[in-house]
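Structure, as structure tokens:
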Amino acid sequence: MTPGRLGEVLGMPPTPQGTWQEEALYVSPAALRRREAPEELAARLRALPGIADVRVRPGGFLEIVVAVPGELLTEIGTASPPVPEAGAVPSVSEAGAVPPVPGDGRSPCRDDGDGSPVPQAGGVPSWPDFPRTWENPGFAVRYAHVRAVAVRRWAAELGVGGEFRPELLDGREDRAVLRLLAEVYGRRVSRDPGWAAYAEQLALAYHDAFERAPALPVGDEEPTALHTARVRLARAVRDVLAEALAAIGETAPDRL
């Protein structure tokens with residue numbers, strides 16, 4: 001069950017909630033807005049394939065648990081990696097080597113101070129290009145897009161392919177990225193989508209996944225179905241980050 005399909009049934013996009021580490025949970029006020037008995041709508045939802053559970057909160061809100069959160073990727077991106085251009089050589093930044101970063105080398109962390117987006121003409125926010133450190137949200141977001149693009153390119157070179165099995169995206173890092181990707185549906189229809197903050201959150205989650213849950217075989221490792229699923233995840237991250245960057249007036253880079 002995907003957010004798009006749920007949105008069609010509910011008449012509005014469901015809102016992802018929680019961390020998704022234990023269950024992929026959406027919340028919806030659809031029964032209240034449709035003036036329908038919450039239990040009746042919950043019963044219809046429980047009968048749909050891909051729904052693990054539906055609970056009715058006091059007040060009539062529905063808690064909807066999907067069985068396979070990775071299925072949402074079937075609505076974002078495509079399954080097979082593109083064939084790299086002839087003679088293309090990945091840049092150092094594409095290879096996943098992080099440029100020197102002052103400090104202790106930990107994963108990127110948020111900075112609500114000087115690294116916040118800088119307003120441009122017309123009120124469209126953007127980030128400075130430098131410094132290229134984790135303290136600059138613009139670097140974190142652009143670099144996440146570069147990494148996701150590179151994963152797709154290398155996947156073709158390394159023979160990663162085959163059938164997409166969304167149920168394999170069940171690790172902590174994979175689920176964290178899926179949880180954030182699920183927000184894009186609601187943000188697209190929101191009056192205040194908050195694309196800049198959202199792009200930063202998604203980028204940081206993807207950096208963690210890139211480093212701790214590799215999408216590509218290492219050394220003599222053979223490609224597996226899990227690699228294929230994570231390449232599909234990279235494609236979705238690439239597409240959504242590009243959408244978010246475009247919304248704040250930026251062009252998503254393929255290289256830094």
Is the backbone of [Y] close enough, under 3.5 Å, to the side chain of [X] for a donor and an acceptor to pair up by distance?
X      : Y      : answer
Arg46  : Val54  : yes
His227 : Thr224 : yes
Tyr198 : Leu180 : yes
Arg230 : Pro214 : yes
Gln17  : Val27  : no
Arg179 : Gln21  : no
Asp174 : Ala213 : no

Treating Ile, Leu, Val, Met, Phe, Trp and Tyr as nodes and any side-chain heavy-atom pair under 4.5 angstrom as an edge, say whether [X] and [Y] lie in one connected cluster.
X      : Y      : answer
Leu226 : Phe164 : no
Leu48  : Leu10  : yes
Leu6   : Val68  : no

Report task. Report the C-alpha distance between Val237 and Phe210 in whole Å, list the side-chain angles of each, state the deciding distance to 0.1 Å, and finish with yes or no for side chain to side chain contact (heavy atoms under 4.5 Å, CB included). Result -> CA-CA 11 Å; Val237 170; Phe210 183 94; over 6 Å; no

Considering all heavy atoms of both residues, which atom of [X] and which atom of [Y] are nearest to each other, and what is their separation?
X      : Y      : result
Pro38  : Ala31  : CA-CB, 3.7 Å
Leu256 : Phe139 : CD1-CE1, 4.0 Å
Leu216 : Leu158 : CB-CD1, 4.1 Å
Pro253 : Arg142 : CG-CB, 3.8 Å
Pro14  : Pro16  : O-CD, 3.7 Å
Gly194 : Arg187 : O-NH1, 3.5 Å

Query raised in the report: Do the non-hydrogen side-chain atoms of Met12 and Arg34 ever get within less than 4.5 Å of each other?
Result: no

Requested in this report: Using a 4.5 Å cut-off on heavy atoms from C-beta on, say whether the side chain of Arg188 contacts that of Trp195.
Outcome: yes

Query - Tyr26 and Trp20 aromatic ring geometry - parallel, tilted or perpendicular at 30°/60° bounds - result: perpendicular

Report task. Mind jotting down which residue pairs meet the salt bridge (charged side-chain N to carboxylate O under 4.0 Å, His left out) criterion with at least one end in residues 3-20? Sequence neighbours excluded, please. Result -> Arg5-Glu8

